[in-house]
**Q** 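Below is one structure. I have some questions about it.
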2 protein chains.
Amino acid sequence: MVTYRSIKAEILDGIIRRRWAPGDLIPNEEDLARDYGCSRSTVNRALQELADLGILERRRKAGTRVAQRTSRGALIQIQIVRNEIEQSGRRYGYVLLERAEAWAGSETAALIDAPRGAALMHLRCLHLADGAPWQIEDRLISLAALPTAREVDFEALSPNEWLVTQVPYSRSEHIFSAEPASAEERERLRLRPDEPVFVIERRTWLAGQALTYVRLSHPGLAYRMISREDDLLAAPEA
Amino acid sequence: MVTYRSIKAEILDGIIRRRWAPGDLIPNEEDLARDYGCSRSTVNRALQELADLGILERRRKAGTRVAQRTSRGALIQIQIVRNEIEQSGRRYGYVLLERAEAWAGSETAALIDAPRGAALMHLRCLHLADGAPWQIEDRLISLAALPTAREVDFEALSPNEWLVTQVPYSRSEHIFSAEPASAEERERLRLRPDEPVFVIERRTWLAGQALTYVRLSHPGLAYRMISREDDLLAAPEA
DNA sequence: GCGAGGATTATGTATAGACTTATTCCCGAC
DNA sequence: GTCGGGAATAAGTCTATACATAATCCTCGC
């Protein structure tokens with residue numbers, strides 16, 4: 001039977017095997033529906049999903065074209081540190097290094113995208129894998145947006161875990177970089193003399209209001225961030 | 001009028017405002033269709049798309065639940081180096097450093113995921129932004145999969161650009177890391193003494209066959225990889 | 001109490017049809 | 001020639017309906 005999945009697979013195959021090159025126009029929905037012997041709705045769903053994947057570009061009246069794929073994405077899964085460590089079969093450890101409340105100066109205000117003078121909580125923690133330092137979490141939380149943070153026992157629950165499980169957000173920004181280690185990082189992460197840190201910075205907002213800023217630093221020689229894209233041709237598709 | 005977009009927005013709003021917490025069951029399609037005064041198809045499309053985004057989890061007979069979002073993605077856009085540089089308003093430069101053909105030893109075979117003894121092309125290039133070193137591209141191309149690579153003038157066109165525009169792939173893997181700079185990197189990228197490199201490694205396959213492996217190294221102090229997620233609540237949706 | 005298996009249920013998918021909307025195309029006025 | 005506007009077109013969306021399928025629930029027999 002002709003399903004939207006089978007159409008998707010055939011079109012994808014046609015693109016990869018260069019039946020249609022990037023920029024080419026593929027037949028319109030009605031023609032495809034006739035060719036495949038199915039309804040236009042079915043073709044529509046197939047093409048729509050390929051467009052969502054960025055493989056096709058569709059415009060009313062202009063038709064459907066194979067996208068000029070000058071870029072392609074890599075999807076990074078950011079998960080709770082504890083899960084990341086335990087899933088790799090290692091023992092998770094956690095230490096709260098510092099907890100303080102303060103008002104945002106101009107630098108911290110810029111980091112978290114809050115107004116100057118906003119009430120913030122500042123937390124520093126160390127996450128461990130099998131007893132070895134794995135990540136320093138240096139975090140700012142907006143107390144205006146998340147006043148309940150004051151009641152949380154961050155000795156027992158890492159801010160990472162509390163936020164991910166309890167606090168929804170609607171917008172985020174991630175920045176990844178390689179930096180020379182600071183003296184403190186060298187000590188806390190037990191780095192070798194010339195070992196850099198892999199840094200992830202994340203900011204989150206809910207409905208326009210800044211929630212948190214975090215800087216996560218990992219030992220450069222031990223940490224790799226990996227992203228795999230499943231084979232488009234193999235799977236029954238997702 | 002009730003559209004699948006408006007339903008999507010309302011459900012999303014309900015989730016973010018905790019009308020339904022993670023794990024909660026939301027009403028079934030028929031009920032929602034009645035509530036909204038539209039057909040089940042419309043509700044189905046809205047819920048389906050939210051499930052595609054990972055916000056809902058759906059199972060036949062079991063119903064639709066708000067996903068336990070223990071992880072959240074960051075989508076990295078990997079594009080042609082030249083575009084990346086020119087879009088930031090800088091002048092792009094390119095130098096081919098080395099071009100050689102060889103047979104895969106055990107190390108290189110592992111890098112590119114090709115059998116030992118496979119014919120490979122090895123390329124090393126330098127990409128510049130406003131004359132300053134920006135990226136070293138160290139690349140292996142499988143000549144079994146891409147014999148036409150032999151005919152390409154890589155003095156004029158960077159392998160990056162040739163591959164991205166001409167060669168489709170169906171599966172990929174990316175690894176990001178921070179590494180101490182090698183002596184050669186220090187020289188070619190003009191790094192400061194303790195400056196690390198930000199490294200992106202990418203492997204691609206087409207229909208199970210390995211195409212290329214590339215190692216892209218950037219100056220740690222100049223390079224940041226950024227990923228922004230649009231505000232789910234704001235936009236009319238995408 | 002327990003397991004097998006059938007009834008039930010919510011989602012998954014396909015269909016034909018209708019109407020909407022963004023774009024393009026083309027023709028006619030100037 | 002070119003500019004404006006209308007006709008034509010292809011995708012976008014909604015509807016009502018039907019049947020498929022996976023998973024759960026429940027009952028019955030033991």
Side-chain angles (χ1 to χ4, degrees), chain A residues 1-15 19-69 230 235-238, chain B residues 1-12 14-15 19-68 230 235-238:
Chain A
M1 188 195 188
V2 179
T3 67
Y4 81 93
R5 285 160 188 273
S6 67
I7 295 176
K8 237 171 119 172
E10 279 200 44
I11 302 274
L12 198 51
D13 192 79
I15 292 169
R19 176 172 164 197
W20 301 293
D24 282 7
L25 205 55
I26 74 173
N28 71 35
E29 296 188 348
E30 254 179 290
D31 291 351
L32 285 172
R34 209 172 326 100
D35 292 353
Y36 287 118
C38 67
S39 75
R40 183 164 81 90
S41 323
T42 305
V43 173
N44 180 277
R45 179 161 182 191
L47 299 188
Q48 188 101 57
E49 293 197 0
L50 288 171
D52 286 347
L53 288 174
I55 291 169
L56 295 177
E57 280 173 1
R58 324 192 68 202
R59 261 168 48 234
R60 285 169 170 158
K61 162 80 184 179
T64 300
R65 298 176 175 278
V66 177
Q68 301 277 5
R69 293 154 68 49
D230 291 336
E237 192 14 53
Chain B
M1 189 195 186
V2 178
T3 67
Y4 80 93
R5 286 161 187 272
S6 67
I7 295 176
K8 238 172 118 171
E10 280 201 45
I11 302 275
L12 199 49
I15 292 168
R19 176 172 164 197
W20 301 291
D24 281 7
L25 206 55
I26 74 173
N28 70 37
E29 295 187 350
E30 254 178 290
D31 291 351
L32 286 172
R34 208 171 329 100
D35 292 354
Y36 286 117
C38 67
S39 76
R40 183 165 81 88
S41 321
T42 305
V43 173
N44 180 278
R45 180 161 181 193
L47 299 188
Q48 189 101 54
E49 293 197 0
L50 288 172
D52 286 345
L53 288 174
I55 292 169
L56 295 177
E57 280 172 2
R58 324 191 68 201
R59 261 168 48 234
R60 283 169 169 158
K61 164 79 184 176
T64 301
R65 296 176 176 280
V66 177
Q68 301 277 3
D230 291 335
E237 188 18 50

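Below, chains carry the letters A, B, ... as their sequence lines are ordered, and counting in each starts from 1.
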**Q** Just how far, in rounded Å, is P of dT13(C) from CD of Glu49(A)?
**A**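 It is 8 Å, rounded to the nearest whole Å.
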**Q** When the distance from CD of Gln48(B) to C1' of dT11(C) is rounded to whole Å, what number comes out?
**A**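 Interatomic distance, CD of Gln48(B) to C1' of dT11(C): 9 Å.
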**Q** Starting at CZ of Arg65(A) and ending at P of dT23(C), how long is that distance when rounded to a whole Å?
**A**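 Arg65(A) atom CZ is separated from dT23(C) atom P by 14 Å.
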**Q** In whole angstroms, how far is the P atom of dG12(C) from the CD atom of Glu30(B)?
**A**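 In whole Å, dG12(C) P lies 14 Å from Glu30(B) CD.
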**Q** Taking all non-hydrogen atoms of both residues into account, name the closest pair between Leu25(B) and Arg65(B) and its distance.
**A**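 Here Leu25(B) and Arg65(B) meet closest at CD1-CG, 3.6 Å.
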**Q** Measure CD/Glu57(B) against C1'/dA10(C) and give the value in whole Å, please.
**A**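 For the pair Glu57(B) CD and dA10(C) C1', the rounded distance is 16 Å.
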**Q** Can you tell which of dT13(D), dT15(C), dC14(D) lies closest to the side chain of Thr42(B)?
**A**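 Nearest to the side chain of Thr42(B) among the choices is dC14(D).
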**Q** For a side-chain contact (heavy atoms from CB on, under 4.5 Å) with Leu50(A), tell me which candidate from Ile26(A), Ile7(A), Ile55(A) qualifies.
**A**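 With Leu50(A) as partner, side-chain contact (heavy atoms from CB on, under 4.5 Å) holds for just one option, Ile55(A).
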**Q** Going by modelled atom types, is there a donor-acceptor pair between the base of dA11(D) and the side chain of Thr64(A) at under 3.5 Å?
**A**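 Side chain to base: no pair present.
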**Q** State plainly whether the residues Arg34(B) and Glu30(B) are in salt-bridge range, i.e. N to O under 4.0 Å.
**A**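 No, no charged N to carboxylate O under 4.0 Å.
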**Q** Carefully, step by step, assess Asn44(B) and Arg58(B) under the rule side chain to side chain contact (heavy atoms under 4.5 Å, CB included).
**A** CA-CA 11 Å; Asn44(B) 180 278; Arg58(B) 324 191 68 201; 3.9 Å; yes
**Q** In whole Å, I'd like the distance from the CZ atom of Arg45(B) to the P atom of dT11(C).
**A**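 Roughly 18 Å, once rounded to whole Å.
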**Q** Which is more 5' along DNA chain D, the nucleotide nearest Ser41(B) or the one nearest Lys61(B)? Just name the residue.
**A**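 The residue mapped nearer the 5' terminus is Ser41(B).
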**Q** Rounded to the Å, how far apart are Arg58(B) CZ and dT9(C) C1'?
**A**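 Taking CZ of Arg58(B) and C1' of dT9(C), I get 14 Å after rounding.
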**Q** Let me know, please, whether Arg59(B) or Cys38(A) comes out on the 5' side of the other along DNA chain C by nearest nucleotide.
**A**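 Residue closer to the 5' terminus by nearest nucleotide: Arg59(B).
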**Q** Return the value, rounded to whole Å, for the distance between atom CG of Leu56(A) and atom P of dA10(D).
**A**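 Rounding to the nearest Å, CG of Leu56(A) and P of dA10(D) are 16 Å apart.
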**Q** Quick one: which of Thr64(B), Ile11(B), Leu56(B) gives a side-chain contact (heavy atoms from CB on, under 4.5 Å) with Trp20(B)?
**A**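 Exactly one pass, corresponding to Ile11(B).
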**Q** So, under a plain 3.5 Å distance rule, would you say the side chain of Arg40(B) forms a donor-acceptor pair with the base of dG12(C)?
**A**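 By the distance-only test, yes, there is a pair.
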**Q** Of the nucleotides dC14(D), dT13(D), dA22(D), which one has an atom closest to the side chain of Arg60(B)?
**A**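 Of the options given, the side chain of Arg60(B) lies nearest dA22(D).
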